[in-house]
Chemist: 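Please see the structure below; I have some questions.
Order of the sequence lines sets the chain letters (A, B, ...), proteins ahead of strands, with each chain counted from 1.
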Amino acid sequence: MAVRGSSGSKLGFYPNLNVRNIAQEWVQESRRLFYLRTANNVTNNIYKGSTTLWAGNVQNELSEDRRGLNYPYLQNLRERVSSNSIVNRHGNSQELVRHRMVNQPVQSVPAPISVVNNSAKCLSMPRASKVEIPWRDYSPAEDPLLDKANTEVILELDDKVHDGDDKKEKKLVVKKVVSPLPTKAVFSEESLKARKALASIYDKVLVVDNIESARSIVKLLTTKYKSFIHACDTEVANIEAKEETPVGHGEVICFSIYSANSDVQAADFGNGKTCIWVDVLDGGRGVLMEFAPFFEDPSIKKVWHNYSFDNHVIENYGIKVAGFRADTMHLARLWDSSRKIDGGYSLEGLTNDRRVMDTVPEDLPKPGKISMKTIFGRKKVRKDGSEGKVVSIDPVKELQREDRELWICYSSLDSMSTLRLYESLKRKLETRRWVLDGCPRGTMYDFYEQYWCPFGALLVKMETEGMLVDRGYLSEIEKAAIAERELAADKFRKWASKYCPDAKYMNVNSDTQIRQLLFGGIENRHKSGETWPQSKTFKVLNEENVATEGKKTSKYRTIKLCSIVEDLKTDMFTPSGWPSASGDALRSLAGKIPTEYIYTMGDIQEDDEDSSGSENPDGDSSYGTAYEAFGGGKNGKEACHAIAALCEICSIDSLISNFILPLQGDRISCAEGRIHCSLNINTETGRLSARTPNLQNQPALEKDRYKIRQAFVAAPGNSLIVADYGQLELRILAHLTNCKSMLDAFKAGGDFHSRTAMNMYQHIRDAVHEKKVLLEWHPQPGQEKPPVPLLKDAFGAERRKAKMLNFSIAYGKTALGLSRDWKVSVKEARDTLKLWYGDRKEVLAWQKSQKKLAREKCEVYTLLGRSRHFPNLTQFGPGQRGHIERAAINAPVQGSAADVAMCAMLEIERNARLKELGWRLLLQVHDEVILEGPSESAEVAKAIVVECMSKPFHGTNILKVDLAVDAKCAKSWYAAK
DNA sequence: TCGTAGTACCTC
DNA sequence: CACTGAGGTACTACGA
């Protein structure tokens, strides 16, 4: 066992360790990862062949980690180093050259040597065409870098002559790495107190660290305490829980189980031990496997806090966890869906909140969990003796071994407080009545058992399934996207540098810099008096190694950007009052520019007469406000083209860094190439949200310029079924408000928006009555065209408005907002709104009632009876009050839609036939579900899915409207839409 | 140096 | 007065 004592760790001797090779590999790998993280800056470096990297960012990967060494590649290297498996690629040269840039600021990255010792230390790495100092001339004692990095690395030269090598190169071996803490780290007063309190539970913990004791405990758990409720919690190393999927990642180092019966009586494991703590790290994997019968028994009920995570890390060992009883996170969300403060839904926040924990159990030292930071966090001491600010926590494995007693207490407390939290929340939910669509149905805990508990288990299953991603395709479109972005960026920079030379080096991704160029000198809309400066300096990467006079070239240089245009008019502003540099704003400046102008660098010919103004000299183009501001004519056109290019850059860049790159990363996908996002019930309305990566915001079909959805595919021999509800929220609104007009419109079927338009406008109604237009048209055999125009063609503008209103009303959109969107007067917008409400009085009345509910009871309810709580309205100003009122009318609609979608998924999950055919749910996107299964049964399965979704409430539909479902099957997500 | 605020972009 | 709901994520600039 590696123990770091005061004398430092012993690493032994690695005869064939070619540090340089490892280092280079390491650099390449970190470049790749780095590139994934910050597409913008680093792609430039990569494409220009520089090897420069920032140590800081890479180090962050390590230091951010509180749970041990997480960086997968480093982990891999570490294993290779310690298993002596590194062989010299060339078989001869064992020379390590220590590269240093003479007289340069140190460009350092942590080198693999430090990896051995589990912490980031710096050795500088080569940079192209710089002076290199060979290692043999290098003296660590004189290297200021080592001081800087607070490292003490002892590297020794091996004097052995290489066989038959007349060059007699010396080679470097890593003899020893001593890594004392740079400065002493200390616990704060608060930590010391917490540690003392925590230590008191040690007597109650039974430590299991060998197979024999594991066996006897599992026997107890599966017999005597079988009917108890067991709270379980794992501690995991080697995972960045915020960024990585736990599917296929992470190493369980220990876990704890705390059990109690229905009388809140804790299980007794002898000698007053009530909590089991199992050491997997040093007890071995076998100890964990002994617990498989316990975890896998569906009749043994387990409670978890964030079940998803623990489930995945345990399943990574091949244990199929069953017997899911409750997830305290979901219980807490059900109890109060809008905890934003007091620790949110973290175990610590919940268990220390008196409103949540009704009784403070006497066997816990504090009301609840104490954070890792409080117990194990230490502040570094500065050289002058003062207390530093940064709190550091040792990797969890070290904690488990070196601060063992406290660690055991800490870990055990997690399961203990989880169980207490469960009991408390259960009691609370049991006191709350459950009313489903107006009918009393018991308590909210019953609701949990019937809906969210199986739903929680289903979500975990879906996460485990994951979605297959075609990486080859993604790397293809990545190339295309990067090429287009570079082209557009060059075009813009070239144009801008005509007005402001330094713009040649600007960062086109910085909205601040764009704002500087276009709106310098403009006054803040909200705070009169404040103006954006005329010019400003920015730090940018020194890509072309431009030397500032008197100084050597360095990584950064400053550029000065100044306003390049006077009085550019814009009507879009950010919330803080500055002009917006968003795509929308820029597009209105540029006007409508055909794409061929965006990706061509050629200058505009002076062919057409200047007098054309902004009229439309080039056929397809129509120029925006920038045309005039830049003086019209050729300059005006160029400006518009360049600004249009800028819009493209923004959207391309976000496509790359939000979708294309993350989907290819290893952090979030697994060996089989499937993406496992985490699906959470963590919204205030009860919708799902998806993370790491967020698969719910993949570009929609129309906007998907690179067809990213085409990268989501079915496995060979399989197909996807994509099924979505049509106008789900509107149907819910019709049901909730009992609005006759809407219910009728849905009953009649066809195009709902056309029908809305007809009900709003008398002249359309007349036209329909006189059969001058058709509401909708189902082509009969032999008919090529409809006999009379369709409503949506004849009255396109009206229908668009109607559609817009249909969507906006549920959100509580105001006349003012509409007027701005439609660029009409407020009065006109208000009149249109009145038209919409004209035959939908029930909606207006219902909205009023919801506002009243929010005001008086501070709560509104969804179809299934979940509540959303609001703060007392009287304490807010009109602005916030308006926001809460809109939320109050939106929450029941959105929440009920989420309820319906959940029911549909449960219905699909329960369907035996689908299971038999091998179809599995993969993903839900609010009103859409995606399944994967064998192609041969796709059509059958599709019909079943449609059936489940249209009758989602145990085979019936309790709504007053039908649920329209559109389903397709295909090989990819793109094709199935 | 790190964390946060502001801005932006993507979804239903 | 303020001005459509619910989310996730990335990047830049800036201050402690």
Chemist: When only distance counts, do a donor and an acceptor, one from the side chain of Gln894(A) and one from the base of dG5(C), lie under 3.5 Å apart?
Modeler: yes
Chemist: Can you tell which of dC12(B), dA10(C), dA8(B) lies closest to the side chain of Val925(A)?
Modeler: dC12(B)
Chemist: Using a heavy-atom cut-off of 4.0 Å across all strands, would you classify Gln513(A) as base, sugar-phosphate, or nothing?
Modeler: sugar-phosphate
Chemist: Name the nucleic acid region contacted by Ala581(A), choosing base, sugar-phosphate or nothing; use a 4.0 angstrom heavy-atom cut-off, strictly under.
Modeler: sugar-phosphate
Chemist: Does the plane of the ring in Phe807(A) sit parallel, tilted or perpendicular to the ring in His753(A)? Use 30° and 60° as the thresholds.
Modeler: tilted
Chemist: Looking at Ser576(A), I'd like to know whether one of its side-chain N or O atoms comes within less than 4.0 Å of OP1 or OP2 on dG6(B).
Modeler: no
Chemist: Should Thr683(A) be listed as having a side-chain N or O under 4.0 Å from OP1 or OP2 of dG7(C)?
Modeler: no
Chemist: Does dA6(C) have OP1 or OP2 sitting under 4.0 Å from an N or O in the side chain of Ser689(A)?
Modeler: no
Chemist: Determine yes or no for a side-chain-to-main-chain donor-acceptor pair under 3.5 angstrom, with Arg709(A) supplying the side chain and Pro699(A) the backbone.
Modeler: yes
Chemist: Expressed in angstrom and rounded to an integer, what is the separation of Leu695(A) atom CG from dC10(B) atom P?
Modeler: 17 Å
Chemist: For Arg515(A), answer base if it contacts any base atom (sugar-phosphate contacts may also be present), sugar-phosphate if it contacts only those atoms, and nothing otherwise; contact means non-hydrogen atoms under 4.0 Å.
Modeler: sugar-phosphate
Chemist: Using a heavy-atom cut-off of 4.0 Å across all strands, would you classify Gly895(A) as base, sugar-phosphate, or nothing?
Modeler: nothing
Chemist: With a non-hydrogen cut-off below 4.0 angstrom, is Gly882(A) in contact with a base, only sugar-phosphate, or nothing?
Modeler: nothing
Chemist: On a whole-Å scale, what distance lies between the C1' atoms belonging to dA8(B) and dC1(C)?
Modeler: 27 Å
Chemist: Mind checking Ala810(A) for me? I need base, sugar-phosphate or nothing, with any heavy atom below 4.0 Å counting as a touch.
Modeler: nothing
